[in-house]
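Report on the structure given below.
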Amino acid sequence: MLRITQYAEVIVDVPTMQTNRPYTYKVKKEFENEIDSGMRVVVPFGRGSRLVQGFVMRVFTQNSFEGSLKEITALIDFEPVLNTESLELAKWMARNTFSFAISCLQTMLPGALRAKYQKELVLIDGRELSKEVSAFFNTRKSQFLDEQKVSADLLTKLLDARKKGKVKLNYLVNDRLLPKKVIFVKSILSKEQLEAAKKNLRANAANLKKMLDYLIRHSQEVQQTILEKKLKITAQTLHSAEKRGWIKRFEKVARRNPVENMEIVKTHPRELTVAQKEAVTAINADIDNENAITFLLEGVTGSGKTEVYLQAIAHVLAKKKTALMLVPEISLTPQMVKRVIGRFGTQVALFHSGLSAGERFDEWRRIKEGKASVVVGARSAVFTPLENIGVIIMDEEHESSYKQEKMPRYHARDVAKWRADYHNCPVILGSATPSLESRARAQKGVYRWLKLPQRINNRPLPAVSLIDMRQEAKKTRFPDFSQSLLDAITVRLEKKEQTILMLNRRGYSSFMMCRDCGYVLNCPNCDISLTLHLDTHSMKCHYCGHEEKIPYICPACGSKQIRYYGTGTQKVEKELRQLFPQARILRMDVDTTRRKGAHESILRRFGERKADILLGTQMIAKGLDYPEVTLVGVLNADTALGMADFRASERTFQLLTQVSGRAGRAQKEGKVIIQTYNPNHYALLLAQKQDYEEFFNQEMNIRHRGGYPPYFFTIQVTASALDEGNAAKKIFETYTELKKVLGRNSFILGPTPKAIMRINNRYYYQLIIKYKKEPKLNACLHALLQKSQRDERAGVMITIDKEPLNFI
DNA sequence: AGCACGCCGACT
DNA sequence: GTCGGCGTGCTC
């Protein structure tokens, strides 16, 4: 019988421009019936044929590659981890975001499925080894090599031994996949035997007795940790019971449940307002017609957008389809999660960065196996392998966290629309303050525009006052608090109502400066001042992580007159405690929420009214709904306005509108106090009035005059190098190249050095292309990247960011 | 990324 | 003469 040789196109895990294309491999006979596209494989790559992970993109029989082919070493998966849709999406994304295909493929999988490489040194000839090398092997035949842990001296000796053929270097590809093993406990005695054992116990063996009592009552197996918690006993007791032959302990594979300890209350569909009903009807019609259309659901805070989402999801589920709901990381609060799970139960899968690698993997697997039909998650959830999607929802669509800031620089909104096209289903973009881009598209009829103009029960919007801090700051001893805000807090404390205080920290930090000579402590690697951290008692660089002691003497002039400028949450907390010693204060910022679950626990405590004041950064602005909060204070509304970014007003308006919505959500009337140094700025005045329409009009005018999005598309090209001159040279070369190609209706801003020109000793230069229509631009930029491969050798890197959100 | 090849200077 | 520096090219 004639056998046909199979070949496979593989994308290898070598993230560089040069290797960013499929390579053809021969498929061994033994894999012929197993191999499929979307599987991960191990392949030999490069001259040394080191083993790397790869993704099979295509299996075929007609090979056109002329050179000699290597064989696939091993299949990592029994079945594909990526389906056809994911592979197609990855290809599209790589092309559209100027990213490596391998990076796109990797981001679609949970981290646990990403390859981990280990280097193994194998001893071949043990004679005449140096002392250090012998000590490294320490009688073993092979040893793992971690370059980070081995001294530079030993490393050269090891590599030397390798060159002499005494030692061989192997590359191992491991899976990080880790099914969770849980220890279970089960009694192996009968009730009678247990009773007998209990009688023979010493009188003071209280823990053993507790355990025997439990076992007598419950004969089924139980998880060890749960038993320990329930009976307040330790593993010690269980070990001793095992030794006595009462119980057996054994391992089981378990699902990690991210909402294990959450109390879920069943929720029911709510009565809809007229506007909500109209929205649901319109959406459901397009769900039924399998229309890949985009809706913009614009509704003020408290107008019931979530209920619209939930009813659309219910409609989809009734049709035996699935639903994807994207939420910003920051508003994936327990409140929101409870509401969705309360409605749809165990078919909901959660997907966000707060989960451990194991939990993420388990949720991903549930989705893939079709055991979850609703996915709620942050940005990366847009890639979850749901099949037969009936609706995709993106809440708070204006949120900048939907755009990934590192390779691949995708926007979840674009991916959502791509998938909606693939599945023929509608997308719902929801927001109280839509991005100008989306709102403009709705106006032009590109999106279907749905509005929820009324708050539920016609609750009044809270009264918002702007406080001019230019005057106020002079009056008080505490420059962060105006008298009006202090008075308002005092009243809430007396009435036992709650207060939320927000500190806008974007582009803002507390730094150290010498009063005598003006010296500012900067990072040695980056062009940025170090930030004071009171919890670790150190000065840290937020870009490269550099950390050093807090200076008490000026390093420049030796003066002791050192001051700390800027407002950090820690400093404000200290001031608050002085001002209101009787108040219970909770602080929520990156420092207090780093630990897993800390975020939830702070919010829960506040929700249980265990604190009077919640002080935090932007992260408290969204999604919270506490009826007892009647005062919201924004300490510094305008730090974002000071930034040279055309989106500054938009961000400020969105944030203030958002945070104002936190006050007075129940019966009690809410009050919002915004402290600002720019009380006449239109973004602040219109946020005060909660007038999105007027803000949209004014801002669009400004964008039109300045030639900014949404009137123009933008692309940012960055060149970076260790040597400043090389980076500058490259960006000017790029500029000249682009000038040749661009039409007369397109513009280039720059080239300029970036605002923070040096990060981790690399210098950054950038230019921004503004265009309306440039059909050849994509191809041109790809050619540019292709050509700059040679410079990459010299350490000059080019990155391209389509529609960047940060221009600095 | 990682490895080999090759072309230069400074050493046994 | 050869050892080793790292610029350049290539990986199915």
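Remember, predicted model here, so these are calculated numbers, not experimental data. Note that these values count all heavy atoms, side chains included, but never hydrogens, waters or copies made by symmetry.
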Who are the ring-ring contact (aromatic ring centres under 6.0 Å, His included) partners of [X], not counting sequence neighbours?
X        : result
A:Tyr25  : none
A:Tyr764 : none
A:Phe351 : none

Output, in order, the C-alpha distance, side-chain angles, deciding distance and verdict of ring pair (Phe, Tyr, Trp, His ring centres under 6.0 Å) for A:Phe712 and A:Tyr771. CA-CA 5 Å; A:Phe712 279 86; A:Tyr771 65 102; 8.5 Å; no
For DNA chain C, which residues of residues 11-24 of chain A approach it to below 4.0 angstrom with any heavy atom? A:Gln18, A:Thr19, A:Arg21, A:Tyr23, A:Thr24
For residues 102-112 of chain A, which residue pairs pass the side-chain hydrogen bond (donor to acceptor under 3.5 Å, both in side chains) check, not counting sequence neighbours? A:Asp13-A:Gln106
Chi angles and distances behind the ring pair (Phe, Tyr, Trp, His ring centres under 6.0 Å) call for A:Tyr402, A:Tyr410: CA-CA 8 Å; A:Tyr402 281 124; A:Tyr410 68 93; over 10 Å; no
A:Leu87 side, atom CG; A:Leu105 side, atom CG - distance, nearest 0.5 Å: 6.5 Å
Over all strands shown, is A:Ser68 touching base, sugar-phosphate only, or nothing at heavy-atom distances under 4.0 angstrom? sugar-phosphate
Determine the contact category for A:Phe45: base if any of its heavy atoms lies under 4.0 Å from a base atom, sugar-phosphate if only primed atoms, P, OP1 or OP2 are that close, otherwise nothing. base
Tell me which of A:Arg47 and A:Arg50 sits closer to the 5' end of DNA chain B, going by the nucleotide each one is nearest to. A:Arg50
Run the numbers on A:Gln6 and A:Glu32 for side-chain hydrogen bond (donor to acceptor under 3.5 Å, both in side chains), then give the verdict. CA-CA 7 Å; A:Gln6 276 192 335; A:Glu32 264 179 6; 6.0 Å; no
Along DNA chain C, 5' to 3', what are the outermost nucleotides having an atom less than 4.0 Å from a heavy atom of chain A? C:dT8 to C:dC12
